[in-house]
Amino acid sequence: MMHVKQITELVTSGQADAAHQALDTLLAFGPNNVAALKLRAMLFESEGLFEDEAYTWERILNVDRNDQDALNYLFRRQNEDREHFYFTDEIPGGRRFLAYPHKFISTAIYGLVGCLAFFICVHLLTHFKLSQVIYVDETVLALFGICVLWPWLAIIRAFLVAPRFVTVTNEEISLSTRFRTVSYKWEEIAHIYLAKNISIDEYHLSLVVAPKELKDPILHINLTPGLSIIRARHYFLAEIRKYHPNLDSQNLADLKLENPKHFQY
């Protein structure tokens, strides 16, 4: 029988299935092993099994009502409940999830930094009277293009191509930007994968929609915390499972998709 430290090494090496089996054995002998339960909760979260994760944290709270990690989990769930209220809308036949514009916000920050850098450089040029050494007008123009114009063009592009919302209804799942909507009818979908890449320090989780027709593009939606356009991830996957209950869990490295055309968000 493996101990928690050894099972953690399995997780670190990406052997999630082996880690689950080892945890089954360990928890059969010690069902109140909090360290093992926490490791299992972490695995469930990284695999998108949020209902199982919630149940595991409940088991931990039954053992220790003051466990700080469990209390932090309750706080995160309360925050996700608020996100479900503010970032989703009920529509006829389903629910619409407003997209969080990560790329647009990060690009806008770079644009702001570029503007500040431009003003500082121009101030230094005029303050130290460097016109005797260099061509100030040409330098200012070059700085304007690099620090202001190029970042703002990137901001406009990010604004135009950023996803606005993801809609899940009884007929389809769709993702909309300002200029187009990509829709997938449930009967036209071959597989929906929860693609994972797990380690003990960080993980990646994506929803991958693979249509039956190879000519249709594959849709990737990042569900990794801090990077996902979906705010209420727990509710998002629960909504999808209403209409497509079988989500295939796959390691990201093992996921082989034939269609070369992908939409990634």
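- Linking ILVMFWY residues whenever their side-chain heavy atoms come closer than 4.5 Å, directly or via other members, leaves Leu39 and Val34 in distinct clusters.
- Ring-plane geometry between Tyr100 and Phe87 is classed as perpendicular, the angle between the planes exceeding 60 degrees on a 0 to 90 degree scale with a lower cut at 30.
- Hydrophobic clustering places Leu205 together with Ile229 (ILVMFWY residues linked when any side-chain heavy atoms are closer than 4.5 Å, directly or through intermediates).
- In this structure a side-chain-to-backbone donor-acceptor pair under 3.5 Å is missing from Glu47 to Ser249.
- Using cut-offs of 30° and 60° for the angle between ring planes, the Trp57 and Tyr73 rings count as parallel.
- Residues Arg241 and Leu237 meet the side-chain proximity criterion, which asks for heavy atoms closer than 4.5 Å.
- For the pair Lys242/Val168, no side-chain contact is recorded, criterion being any heavy-atom separation below 4.5 Å from C-beta on.
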Open item on the list: Run the salt bridge (Lys or Arg N to Asp or Glu O under 4.0 Å) test on Lys212 and Glu188 for me, step by step, so that the C-alpha distance in whole Å, both residues' side-chain angles and the decisive distance to 0.1 Å come before the verdict.
Closed with: CA-CA 6 Å; Lys212 293 178 181 178; Glu188 298 173 353; over 6 Å; no

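- Ring-centre distance between His20 and Phe44: below the 6.0 Å cut-off.
- Evaluation of the side-chain hydrogen bond (donor to acceptor under 3.5 Å, both in side chains) rule for Asp64 yields no partner, not counting sequence neighbours.
- The side-chain contact (heavy atoms from CB on, under 4.5 Å) with Val208 is formed by just one residue from the set Ile218, Leu219, Ile192; it is Ile218.
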Task: From CA spacing to verdict: side chain to side chain donor-acceptor pair (under 3.5 Å), Gln21, Asp17 - done: CA-CA 6 Å; Gln21 293 176 3; Asp17 293 338; over 6 Å; no

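- Taking the side chain as every heavy atom from C-beta outward, His234 and Glu83 never approach each other to under 4.5 Å.
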